[in-house]
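Below is one structure, written out as structure tokens; comments come after it.
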Amino acid sequence: QVQLVESGGGLVQAGGSLRLSCAASGRTFNRYGMAWFRQAPGNEREFVAAISWSGAGTNYPESVKGRFTISRDNAQNTVYLQMNSLKPEDTAVYYCAARTRTYFATGSYDYNYWGQGTQVTVSS
């Protein structure tokens, strides 16, 4: 069993930055592909970023490419999401997810474990 706990959300003005963290339990964290998803009210859960077990492989949708960066520290069992140049449309609950495969995936159905989410609100 893996438990994921997100932190770092909050209220920020458009153009600002936030860094989300996801702390994972379990000794096999470094074997998991990890990702961030987000969900705004009335919308489906949306893929935001993913990273392979080593950190060598990453993937982003066009909506956040060049603004968001995913990274991980396997020694600390933590994955991060650095978000720059934030826009009001980035407002959502952000979820951390883990899959029991070493490489990443972009579909929410590919992930086995989820955190409780952290709210990010970007004001205009």
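Only heavy atoms go into these numbers, but all of them, side chains included; no hydrogens, no water, no symmetry mates.
- For the atom pair Y103 OH and N59 CG, the distance stands at 8.0 Å (nearest 0.5 Å).
- A donor atom on one side chain and an acceptor atom on the other are found under 3.5 Å apart for Y94 and R38.
- For V93 against G117, the heavy-atom pair with the smallest separation is CG1-CA, 3.8 Å.
- Between the CG atom in L11 and the CD atom in Q119 there is a gap of 9.5 Å [rounded to 0.5 Å].
- For the pair Y60/T69, a side-chain contact is recorded, criterion being any heavy-atom separation below 4.5 Å from C-beta on.
- Looking at every heavy atom in both residues, A92 comes nearest to A40 through CB-N, 3.8 Å.
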Inset, instruction - Any chance you could lay out the side-chain contact (heavy atoms from CB on, under 4.5 Å) test for W36 and C96, step after step, and finish with the verdict? - result: CA-CA 5 Å; W36 290 92; C96 175; 4.0 Å; yes

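- Residues S63 and E89 have side chains not in contact (no heavy-atom distance under 4.5 Å, counting atoms from C-beta outward).
- Across all their heavy atoms, V79 and M34 have their closest contact at CG1-CE, 3.9 Å.
- A cation-pi arrangement is present between R72 and F29, with the terminal nitrogen or guanidinium carbon under 6.0 Å from the aromatic centre and inside a 45° cone about the axis.
- Taking every heavy atom of both residues into account, F47 and A105 meet most closely at CE1-O, 4.0 Å.
- The aromatic rings of W114 and F37 are tilted relative to each other, their planes meeting at an angle between 30° and 60°.
- When all heavy atoms of D90 and V122 are compared, the closest pair comes out as CB-CG2, 4.3 Å.
- Sparse packing is recorded around CZ of R101, with 12 or fewer heavy atoms of other residues, nucleotides or ligands lying under 6.0 Å away.
- Of the inter-residue distances, the one linking N112 atom CG with Q1 atom CD reads 10.0 Å to the nearest 0.5 angstrom.
- Taking 4.5 Å as the limit, some side-chain heavy atom of M83 sits within range of a side-chain heavy atom of F68.
- We find the CD-OG distance between Q13 and S123 to be 5.0 Å, quoted to the nearest 0.5 Å.
- S25 contributes atom OG, which lies 7.0 Å from atom CG of L4 (distance to the nearest 0.5 angstrom).
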Legend entry - Residues R31, W53; criterion side-chain contact (heavy atoms from CB on, under 4.5 Å); working and verdict: CA-CA 5 Å; R31 299 179 187 175; W53 68 276; 5.7 Å; no

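- Put simply, the side chain of Q116 never gets that close to the backbone of V5: no donor and acceptor are under 3.5 Å apart.
- Residues Y32 and V2 share a closest heavy-atom pair of CE1-CG2, 3.2 Å.
- One finds the CG atom of L18 at 9.5 Å from the CG atom of N84 (value rounded to the nearest 0.5 Å).
- L20 and V64 fall within the same hydrophobic cluster, defined by Ile, Leu, Val, Met, Phe, Trp and Tyr side-chain heavy atoms under 4.5 Å apart, directly or through other members.
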